[in-house]
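Input: a single structure, listed below in structure tokens.
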Amino acid sequence: MQYWLVKSEPETYSWARLVKEGRTMWDGVRNYQARNNMQQMQPGDMVLFYHSVSEKAIVGIAKVDKAAYPDPTAEEQGKWVVVDLVPYRDFKDPVTLQQVKQDQRLQDIALLRQSRLSVMPLKAEEFDILLALGN
DNA sequence: GCCAACGTTGGC
DNA sequence: GCCAACGTTGGC
């Protein structure tokens, strides 16, 4: 089991919408590093859902439901991939970027180190810490 | 709205 | 292969 974090602007695709729809194909990723991360995802992996830009907080946990397959929305077929995500749990208390920055144990996570990466791995310890913060 | 960080493109 | 120009992301 691996742990991940994905980012989305809530105005583009929100956690609430994922909860409502019950499943989504995580498409549109056009960054090699993010794609490489998605290719490592396996069904059952936990995925923290971060709202960027307007909210800047982790708001819930999704699960990988289907491993990487070709992104049908890509112009260049076979170059990019999607995974299917399903909602798993809400964060009772969204964990803000501020909180992450202030936690000494979380200083190495990609969310801080590589602010533009939209799909990133998390260490199990980091996932546990964030889970505890989010209740 | 601005700008830093970063990725991509294209001329040389 | 280098690097300037440009585009995008995302925090502030």
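Below, each value reflects all heavy atoms present in this structure, side chains not excepted, and no hydrogens, waters or symmetry copies. Letters A, B, ... are given to chains in the order of the sequence lines, protein chains preceding strands, and every chain is numbered from 1.
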Rounded to the nearest Å, what distance is computed from the CG atom of residue A:L97 to the P atom of nucleotide C:dT9?
18 Å

Please lay out, stage by stage, how A:W80 and A:Y32 fare under the test ring pair (Phe, Tyr, Trp, His ring centres under 6.0 Å).
CA-CA 8 Å; A:W80 305 107; A:Y32 289 108; 4.9 Å; yes

To the nearest Å, how far apart are A:E9 CD and C:dT8 P?
13 Å

Rounded distance in Å - CG (A:L117) to P (B:dA5):
17 Å

Whether A:Y50 contacts C:dT9 is assessed here as follows: a side-chain N or O lying under 4.0 Å from the phosphate OP1 or OP2. Is that the case?
no

C:dT9, OP1 or OP2 - any side-chain N/O from A:K7 closer than 4.0 Å?
no

Quick one: are A:M41 and A:Q2 in side-chain contact, heavy atoms under 4.5 Å?
no

Any side-chain heavy-atom pair from A:F49 and A:K7 closer than 4.5 angstrom?
no

Interatomic distance where NZ belongs to A:K56 and C1' belongs to C:dG11 [whole Å]:
6 Å

From the list A:K79, A:R35, A:R30, salt bridge (Lys or Arg N to Asp or Glu O under 4.0 Å) partner of A:D71 resolves to A:R30

Quickly work out the A:M120 CE to C:dG10 P distance and round it to whole Å.
8 Å

Can you tell me how far P of C:dT9 sits from CG of A:L111, to the nearest Å?
16 Å

Whole-Å distance separating the CD atom of A:Q114 from the C1' atom of B:dA4:
15 Å

Between A:R113 (CZ) and C:dT9 (P), how many Å, whole number?
23 Å

